[in-house]
> 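Below is the structure I would like to discuss, written out as structure tokens.
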Amino acid sequence: MTETPPGVDELTHGAEDVLPGGMLAQQLRRDSPLRVKLGIDPTAPDIHLGHVVVLNKLAQFQSAGHTVVLIIGDYTARVGDPSGRDSRRPVLASEQIDANATTFQDQAFKVLDRGATEVRFNSEWLDMPAERLFELVGKVTVARLLERDDFSRRMAADEPISALELLYPIMQGYDSVAVRSDVELGGSDQKFNLLFARDVQRAYGVPGQSIVTMPILPGLDGERRMSKSLGNYVGVTDPPGEMFGKLMSVPDAVMPLYYELLLGDEEPPGAAPVEAKRRLARRLVARFHGEDAAEDAEQRFDRVHVQREAPEDMPEVRLDDALENGGQAGGTVHMPALIAGAFGITSSEGRRLLQQGGVKLDGESVDGANLDMPREALEGRVLQVGKRRFARLLG
RNA sequence: GGGGGAGUGCCCGAGUGGUUAAAGGGGCCUGGCUGUAAACCAGGUGGCUCUGCCUACAGAGGUUCGAAUCCUCUCUCCCCCA
């Protein structure tokens, strides 16, 4: 019985799957650092906490001395991966993809060590002549591709599968060939793709990688996976206050997962749920914005939500700017238009909020019948919509 | 190549000539309760200079006093057969 090499337990801690069994441990016994791959398609411009789960794990490998290879899927983003989705993903415009690729890197390096990371764009090798593409595609069978869960399910349900989608796992697999990856990380929804890459690697006569998948982080709704398009995400570049607030709205039920996957820690035992959540929010904000910002964010939160006061800092809105057509003659301000201008909503929406009693001035509800108010009654006061939107009105 | 089916508001999904800005559900928003949790209750959810006006049921035409609903063409998607 060989000793388990140091590191393997930690490196697989929290993982959902580590396959094939025992392989990673074996790889770790080698003297040379492993090449650990992560592919990200820049389909949305922000990295959120869901990505962080995997990035954390990657950072762990990195600090253990392994080489992280971050692949920006600028080419595959044009293909569209349907994993975990019911419908096909729209193909993005290239300019959009390129722009996303840039912000993606910056954000990924909030978790990873930039100096120790090899960044590659997969257009580098995937943008190949048709002849070579045929060679690649010729190495795999449709049957093998159709083993994937959602493909077979969609086949069975008579739902469409575009040929392009079939290409996706093949290309992702070729990434592994191109960068000679020893290990690939990903979310558990990527399991098939990561395993499939092994086939592609072997078809090219190189050793197959081992794979480590991480559990999927639920979003702020506590139900569905965290994703930008579902709007249930916390971006790593969200401002401290927003990040704190969003985290405080996480359902209790998924809090243990947040602790586990994002902090690699247990929820503090015996703490009241609010307290536990507060610490979670505090720690995560500190991680991305620093300790000071986290403290400010918490104080601001208390002020607004515990003491129910207006925050100290809030956007300032000039009455004239908010009212494109200016106030009415006679110094009256049309409230729906003001609300719309101040908070970037439509005036119809502003009107509804007003009529439903959701609008306050200096903390006092505005009578919904007051569609027009004298300008003097507004200048210098704090306009509030709902619980958390504030603006200071300036003449 | 042939045949069949479908395109409705953020999403799903009713509606098949007249109180239809369009049932119902989901989501979301506001209010209540509260811990910006869950659950629950109430209201809202196209736009606007709002007791009214404008724009909307894939797109363009047409029939009609009147169309999301009927007709024509176009576009898109799905299925089956080959």
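Quick note on labels: first sequence line is chain A, next is B, and so on, each numbered from 1. Note that the coordinates shown come from a computational prediction; the quantities given were computed from them, not determined experimentally.
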> Does any nucleotide pair with B/C75 by Watson-Crick or G-U wobble geometry, both distances under 3.5 Å, and what is it?
B/G7

> When you compare B/G9 with B/G46, how far apart are their P atoms, in angstrom units rounded to a whole number?
13 Å

> Salt bridge between A/D175 and A/R120, side-chain N to carboxylate O under 4.0 Å?
no

> Look through every strand shown and name the nucleotide pairing with B/A23 as Watson-Crick or G-U wobble, where both distances are under 3.5 Å.
none

> Would you say the side chains of A/Q107 and A/K110 form a donor-acceptor pair under 3.5 Å?
no

> Nearest whole Å is fine: how far is B/U45 P from A/Q355 CD?
10 Å

> Can you tell me the distance, in whole Å, between the CG atom of A/L230 and the P atom of B/G26?
18 Å

> P atom, B/A60 versus B/U8: distance in rounded Å?
16 Å

> Under a 3.5 Å limit for both distances, which nucleotide forms a Watson-Crick or G-U wobble pair with B/A56, could you say?
none

> Would A/K360 pass as a cation-pi partner of A/F390, given that its NZ or CZ must be under 6.0 Å from the six-membered ring centre and within 45 degrees of the axis?
no

> Do side-chain atoms of A/E379 reach the backbone of A/L319 as a donor and acceptor pair under 3.5 angstrom?
no

> Does A/M255 share a hydrophobic cluster with A/L284, counting links as ILVMFWY side-chain heavy atoms below 4.5 Å and allowing steps through other members?
yes

> Rounded to the nearest Å, what distance is computed from the CD1 atom of residue A/I345 to the P atom of nucleotide B/G44?
18 Å

> Measure the distance from CD on A/Q384 to C1' on B/G31 and round it to the nearest whole Å.
13 Å

> Do the side chains of A/R132 and A/D127 get close enough for a salt bridge, i.e. N-O under 4.0 angstrom?
no

> Nearest whole Å is fine: how far is B/G32 P from A/K360 NZ?
7 Å

> In whole angstrom, what separates A/L354's CG from B/C29's C1'?
15 Å

> Write down the distance between CE (A/M335) and C1' (B/C50), rounded to a whole number of angstrom.
16 Å

> When the C1' atoms of B/C48 and B/A21 are considered, how many whole Å apart are they?
14 Å

> So if I take every side-chain heavy atom of A/H334 and compare against B/U30, B/C50, B/G46, which nucleotide ends up nearest?
B/C50

> Can you tell me how far C1' of B/C28 sits from CG of A/L353, to the nearest Å?
12 Å

> When you compare B/C77 with B/A58, how far apart are their C1' atoms, in angstrom units rounded to a whole number?
11 Å

> Measuring only the P atom in each nucleotide, how far is B/U76 from B/A42? A whole number of Å is fine.
47 Å

> Strictly below 4.0 Å, N to O, side chains only: are A/R282 and A/E291 in salt-bridge contact?
yes

> With both distances under 3.5 angstrom, what nucleotide forms a Watson-Crick or G-U wobble pair with B/U16?
none

> Can you tell me the base-pairing partner of B/A67? Count Watson-Crick or G-U wobble geometry only, both distances below 3.5 Å, and say none if there is no partner.
none

> With rounding to the closest Å, how many angstrom separate the P atoms on B/C71 and B/G1?
26 Å

> Given the C1' atoms of B/A67 and B/U16, what is the spacing between them in whole Å?
10 Å

> Tell me, for nucleotides 33-43 of chain B in 5' to 3' order, what letter each nucleotide earns: B for a base near a protein heavy atom under 4.0 Å, S for only sugar-phosphate near one, - for neither?
-BBBB-----B

> Roughly how many Å apart are B/C40 and B/U49, using the C1' atom of each and rounding to a whole number?
40 Å

> In terms of side-chain heavy atoms, does A/Q172 have a donor or acceptor partner in A/Q190 at a distance below 3.5 Å?
yes

> Classify the nucleic acid contact of A/R389 as base, sugar-phosphate or nothing, counting any heavy atom under 4.0 Å across all strands shown.
sugar-phosphate

> Which part of the nucleic acid, if any, lies within reach of A/S348 when heavy atoms closer than 4.0 Å are counted: base, sugar-phosphate only, or nothing?
base

> What about A/R351: does its side chain form a donor-acceptor pair under 3.5 Å with the base of B/C50?
yes

> So, do A/L217 and A/V52 sit near enough that their side-chain heavy atoms are less than 4.5 Å apart?
no

